[in-house]
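Before any comments, here is the structure.
Labels below follow one simple rule: chain letters A, B, ... track the order of the sequence lines, proteins then strands, and each chain is numbered from 1.
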Protein chains: 2
Amino acid sequence: MDDQEIIELFRENEFKVTAQRLAICKFIISREDHPSADQIYQELKIDYPTISLGTIYKTLDLLEKLGIIQKLGFNEGSIRYDPDMELHINVVCSNCGKIYDYKAENVKKLWSDIISDLGIKPKGQRIDIYYECDDCKERN
Amino acid sequence: MDDQEIIELFRENEFKVTAQRLAICKFIISREDHPSADQIYQELKIDYPTISLGTIYKTLDLLEKLGIIQKLGFNEGSIRYDPDMELHINVVCSNCGKIYDYKAENVKKLWSDIISDLGIKPKGQRIDIYYECDDCKERN
DNA sequence: GTAACTGCAAACGCTTTGCACTCCC
DNA sequence: GGGAGTGCAAAGCGTTTGCAGTTAC
């Protein structure tokens, strides 16, 4: 998704295009590690010194409504933002919180089987695997 | 898991057996809808009028450490407690938050394939499907 | 008897809200 | 020019913490 596509998506949905929104949207799309609101804030503050956490949260809600990102609530109460809306598995280090995505064709087949078995119209899904990453293993 | 087993598990791990702990543990095991801490509090208050939310939280942490329950953080920031530690799918109404579990044999096979593909030692997992339940559909 | 547990209240951290100012269109 | 968006600070809410009193063992 390039700048132009983002701008068009905003305009189509009658949201104004602002520097902050563009920056937040581009940032989250460029990251594969599902950052938290505060991580986004800390990094964008460098280039946009007056940006506020409130704006980050409002924009993230907007991006979720537009279907660009997915919120992921975790057990310690933290919320992370995932720009991958396709069926995938979040591989999560339960120690440091690092996340990467895993895609497997076989998941798709199984998933459609389950859906038809359940007889529901799914609105979304979330699949996590928790493990301890190599960095954390070394540290202990 | 009956009373005696719970008591033994507590003692084995050198935790004292109190009326509150037993009540919380039995309550959560008996429920299939993954209640929140406050729901547990509201219901137990009837039989244990002096029980406090602090005790609920402390006990839930303890039960998680003992491996009896699993915490599930959701997108709106809420945390729900799931007493089913086996591989299963949480079927979640994204409107009212109702949850029920779905177990399928075929998930297990796929899961072990994915694990060996990833080459990791999983510590746990979580699989959610979001949909709108019949009650909520009617209401709209 | 004593260390662990409970209940209460205060503290905490993340998220949301309200409002005056600003800026996109 | 006008209304949506921003930034700031305050409020909100679920969870955690600290501590004096209580209870299991």
Side-chain angles (χ1 to χ4, degrees), chain A residues 3-4 6-25 27-28 34-42 44-66 69 71-81 97, chain B residues 3-4 6-25 27-28 34-66 69-81 97:
Chain A
D3 287 24
Q4 207 46 50
I6 299 171
I7 292 174
E8 272 164 33
L9 188 63
F10 282 175
R11 295 233 164 102
E12 273 166 30
N13 289 276
E14 297 182 341
F15 293 118
K16 290 187 176 165
V17 178
T18 66
Q20 292 91 329
R21 284 183 176 168
L22 262 184
I24 294 166
C25 188
F27 180 81
I28 189 104
H34 310 23
S36 67
D38 195 61
Q39 278 166 14
I40 298 170
Y41 175 58
Q42 296 304 333
L44 288 182
K45 230 173 28 179
I46 300 165
D47 288 331
Y48 301 81
T50 69
I51 207 167
S52 73
L53 252 179
T55 299
I56 306 276
Y57 279 112
K58 285 169 193 162
T59 303
L60 288 170
D61 282 349
L62 189 146
L63 296 180
E64 194 190 18
K65 281 197 197 82
L66 290 178
I69 61 169
K71 268 172 140 181
L72 297 178
F74 285 94
N75 302 348
E76 350 76 60
S78 69
I79 296 180
R80 308 272 294 263
Y81 296 86
Chain B
D3 287 24
Q4 207 47 49
I6 299 171
I7 292 173
E8 271 164 33
L9 188 62
F10 282 175
R11 295 234 166 99
E12 274 167 28
N13 290 275
E14 296 182 343
F15 293 118
K16 290 188 175 165
V17 178
T18 67
Q20 293 90 330
R21 284 182 176 168
L22 261 184
I24 295 167
C25 188
F27 179 82
I28 189 105
H34 310 21
S36 66
D38 194 60
Q39 278 166 13
I40 299 170
Y41 175 58
Q42 296 303 333
E43 300 234 21
L44 289 182
K45 230 174 24 176
I46 301 166
D47 289 332
Y48 302 82
T50 67
I51 207 167
S52 72
L53 253 179
T55 299
I56 306 275
Y57 279 112
K58 285 169 194 162
T59 303
L60 288 170
D61 283 350
L62 189 147
L63 296 180
E64 194 189 19
K65 282 197 196 81
L66 290 178
I69 61 168
Q70 182 184 12
K71 271 173 140 180
L72 296 178
F74 284 94
N75 302 348
E76 350 76 60
S78 69
I79 295 179
R80 309 272 294 262
Y81 297 86

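The A:F15 side chain lies nearest to D:dG5 when the options are D:dT6, C:dT6, D:dG5. Here the nucleotide nearest the side chain of B:K16, chosen from C:dC8, D:dG3, D:dC25, is D:dC25. When distances run from any side-chain atom of B:K58 to the nucleotides C:dG7, D:dT16, C:dT16, the shortest one goes to C:dG7.
When the nearest nucleotides of DNA chain D are assigned to A:Y41 and B:R11 by heavy-atom distance, the more 5′-ward of the two goes with A:Y41. The residue among B:I79 and B:V17 whose nearest nucleotide of DNA chain D is located toward the 5' end is B:I79.
Close to C:dC5, at under 4.0 Å from its OP1 or OP2, lies no side-chain N or O of B:T18. Contact check, A:Q20 against D:dG7: a side-chain N or O comes under 4.0 Å of OP1 or OP2. A:S52 has no side-chain polar atom (N or O) that falls below the 4.0 Å cut-off from OP1 or OP2 of D:dT6.
Residues A:L62 and A:F10 have side chains in contact (heavy-atom distance under 4.5 Å, counting atoms from C-beta outward). Side-chain contact between A:T59 and A:Q20 is absent, with no heavy-atom pair separated by less than 4.5 Å. By the 4.5 Å heavy-atom criterion applied to side chains, A:L63 and A:Y81 are not counted as neighbours.
Whole-Å rounding puts the A:L53 CG to C:dT17 C1' distance at 14 Å.
Within 6.0 Å of the CD atom in A:E14, the count of heavy atoms belonging to other residues, nucleotides or ligands does not exceed 12.
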